[in-house]
Amino acid sequence: EDKVVQSPLSLVVHEGDTVTLNCSYEVTNFRSLLWYKQEKKAPTFLFMLTSSGIEKKSGRLSSILDKKELFSILNITATQTGDSAIYLCAVDRTSGTYKYIFGTGTRLKVLA
Amino acid sequence: NAGVTQTPKFQVLKTGQSMTLQCAQDMNHNSMYWYRQDPGMGLRLIYYSASEGTTDKGEVPNGYNVSRLNKREFSLRLESAAPSQTSVYFCASTGGNQPQHFGDGTRLSIL
């Protein structure tokens with residue numbers, strides 16, 4: 001059965017800390033791995049990763065994929081209170097229907 | 001610049017009542033999806049529509065029906081609501097090899 005596992009489930013840090021969120025997966029016909037940030041409402045897209053070893057960056061956030069070991073990490077440096085959110089990892093497969101399998105998410109709380 | 005619009009935002013139902021959650025997208029996307037999100041469970045797919053005129057079951061379809069009314073609109077119906085269907089419901093869409101875009105969700109409570 002295809003699955004996506006995120007760790008840790010929750011995390012509390014102080015402003016300025018660096019955090020690493022993990023996502024491992026076991027799926028057939030892997031196409032891409034996606035990271036979303038969810039605050040109070042809709043999940044918003046952060047990164048889509050398709051190739052191993054190529055880091056994607058957006059400001060203080062970065063992510064990388066390892067297709068051999070079947071995992072991805074999301075790094076956030078110099079955390080701010082506005083980074084407090086649930087971070088969701090999802091995997092898409094080459095099924096033609098673009099259905100994602102989501103992990104349960106990591107709840108990050110950044111304290112001032 | 002609306003993206004994906006869901007209505008209503010909040011709803012309280014009594015057990016056994018029926019209701020329809022509405023979703024519309026203005027991005028000309030072919031594929032649309034309905035998810036539910038429960039604490040500790042992540043997003044679980046209820047139904048999806050890969051293209052106009054087609055619908056298929058997802059991971060947790062029992063107790064729900066859907067209609068792809070046209071390319072823009074995809075509705076989710078609860079025929080006889082049960083307390084286990086208390087959840088936050090999200091609609092999403094994609095044009096293919098792009099990330100799914102999500103609506104702001106409908107918070108549904110069933111008493």
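Using a 4.5 Å cut-off between heavy atoms, A:Gln6 makes no contact with chain B at all. Within the 4.5 angstrom heavy-atom criterion, atoms from both the backbone and the side chain of A:Tyr100 approach chain B. For B:Leu45, the part lying under 4.5 angstrom from a heavy atom of chain A is the side chain only. Of the atoms belonging to B:Glu59, not a single heavy atom falls under 4.5 Å from chain A.
With respect to A:Thr77, the side chain to side chain contact (heavy atoms under 4.5 Å, CB included) criterion is satisfied by exactly one of A:Val19, A:Thr18, A:Leu61, A:Thr20: A:Thr18.
Between B:Phe90 and B:Phe102, the ring planes are perpendicular. Angles over 60° get that label, and only those under 30° would be called parallel.
Remark: side-chain polar atoms of B:Gln100 are not paired, donor with acceptor, to backbone N or O of B:Tyr33 under 3.5 angstrom.
Of the N and O atoms on the side chains of B:Glu73 and B:Asn70, at least one donor lies less than 3.5 Å from an acceptor on the other residue.
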